[in-house]
Amino acid sequence: MQFNLVPHPATPPADPQFKVWVNVDHAGLLGVTASTNIWFGIGAPASRFIIAEGIEEPGRAEDLWRATCFEAFLRAAGEAGYREWNFAPSGEWAAYDFTRYRDGRTDADLAPPYIRMEDNMTWWALGATIAVEADSSWQLGLSAVLEEKDGTKSYWAIAHPRGDKPDFHEPACFAAHLP
């Protein structure tokens with residue numbers, strides 16, 4: 001599945017404009033755990049952005065959303081609770097479980113994601129592979145925070161709720177579905 005992300009109207013990218021897209025491959029037929037591969041593509045050179053250097057031993061980290069990072073939100077259909085994943089180009093990551101909209105946050109107890117980055121000179125991509133329960137139907141939110149070297153910070157999502165600030169936790173942002 002491919003999705004195009006759009007910037008929040010209050011936080012557009014600097015000129016020239018560029019495209020952000022996400023490819024998702026969800027293989028849920030292999031048992032109780034599904035492997036979900038998520039590739040975030042950015043249609044501008046990586047050199048335009050502030051991107052944290054890769055680290056030797058990446059692991060959990062806090063506040064990744066304050067800089068260039070990519071996010072996936074998963075909620076089982078009909079449930080109030082959801083999981084938030086954050087992926088940084090450095091290889092650092094975070095995963096949180098919420099009992100409902102921005103409430104009851106705890107660190108998710110799970111295997112770390114596999115994160116990688118590709119720089120193709122005119123565009124770049126970040127890939128993340130996560131494990132999810134195979135027997136659920138998932139509502140999915142995909143988003144990106146992109147910080148440019150000129151100081152511009154743009155917030156991208158499949159869909160944005162109404163309002164003057166981006167909020168990736170809003171139910172309107174869970175606009176895609178995994179079978």
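Everything numeric here is computed off the predicted structure, so don't read it as measured data.
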Roughly how far, to the nearest 0.5 Å, is [atom2] of [Y] from [atom1] of [X]?
| X | Y | atom1 | atom2 | result |
| --- | --- | --- | --- | --- |
| His8 | Ser143 | NE2 | OG | 12.5 Å |
| Ser47 | Met121 | OG | CE | 8.0 Å |
| Asp97 | Asp107 | CG | CG | 9.0 Å |
| Arg48 | Ile42 | CZ | CD1 | 11.5 Å |
| Ile38 | Phe87 | CD1 | CZ | 5.0 Å |
| Leu142 | Ile158 | CG | CD1 | 4.0 Å |

Identify the heavy atoms of [X] and [Y] that sit nearest to each other, and give their distance.
| X | Y | result |
| --- | --- | --- |
| His26 | Ala34 | CE1-CB, 3.5 Å |
| Trp123 | Gly43 | CB-CA, 3.9 Å |
| Ala159 | Cys173 | O-SG, 3.2 Å |
| Ala44 | Phe49 | CB-CE1, 3.9 Å |

Leu74 vs Ile130, side-chain contact (heavy atoms from CB on, under 4.5 Å): CA-CA, chis, key distance, verdict:
CA-CA 11 Å; Leu74 288 164; Ile130 60 174; 3.9 Å; yes
Hey, does Glu148 have a side-chain heavy atom less than 4.5 Å from the side chain of Phe18?
yes
Between Leu110 and Trp85, is any pair of side-chain heavy atoms under 4.5 Å apart?
yes
Please enumerate all residues that pass side-chain contact (heavy atoms from CB on, under 4.5 Å) together with Gln2, with sequence neighbours excluded.
Trp21, Asn23
Taken in chain and number order and not counting sequence neighbours, the residues that satisfy side-chain contact (heavy atoms from CB on, under 4.5 Å) with Gln17 are Pro13, Asp15
Donor-acceptor contacts, no H, no angles, side chain residues 88-95, under 3.5 Å, sequence neighbours left out:
from  : atom 1 : to    : atom 2 : distance (Å)
Ser90 : OG     : Glu92 : N      : 3.3
Ser90 : OG     : Glu92 : OE1    : 3.1

Partner set under ring-ring contact (aromatic ring centres under 6.0 Å, His included) for [X], not counting sequence neighbours:
| X | answer |
| --- | --- |
| Trp39 | none |
| Phe40 | Phe70 |
| Trp138 | none |

Consider only side-chain heavy atoms of I, L, V, M, F, W and Y, link residues closer than 4.5 Å, and tell whether [X] and [Y] are in one cluster.
| X | Y | answer |
| --- | --- | --- |
| Val24 | Leu5 | yes |
| Val22 | Val132 | yes |
| Trp156 | Met1 | yes |

Check the pair Ile51 / Met117 against side-chain contact (heavy atoms from CB on, under 4.5 Å), numbers first and verdict last.
CA-CA 11 Å; Ile51 299 174; Met117 189 175 144; 4.0 Å; yes
Mind jotting down which residue pairs meet the salt bridge (charged side-chain N to carboxylate O under 4.0 Å, His left out) criterion with at least one end in residues 62-73? Sequence neighbours excluded, please.
Glu62-Arg105, Asp63-Arg66
Here the salt bridge (charged side-chain N to carboxylate O under 4.0 Å, His left out) pairs for residues 149-168, sequence neighbours left out, are Arg102-Asp167
May I have all residue pairs that pass side chain to side chain donor-acceptor pair (under 3.5 Å) and include part of residues 109-120, sequence neighbours excluded?
Arg116-Thr129
With clusters built from Ile, Leu, Val, Met, Phe, Trp and Tyr whose side-chain heavy atoms come within less than 4.5 Å, directly or transitively, what are the remaining members of the cluster of [X], listed by chain and number?
| X | value |
| --- | --- |
| Ile55 | none |
| Val6 | none |
| Phe98 | Phe73, Tyr82, Tyr96, Val145, Tyr155, Phe168, Phe174 |

With no hydrogens and no angle check, is any side-chain donor or acceptor of Ser35 less than 3.5 Å from a backbone partner on Ala27?
no
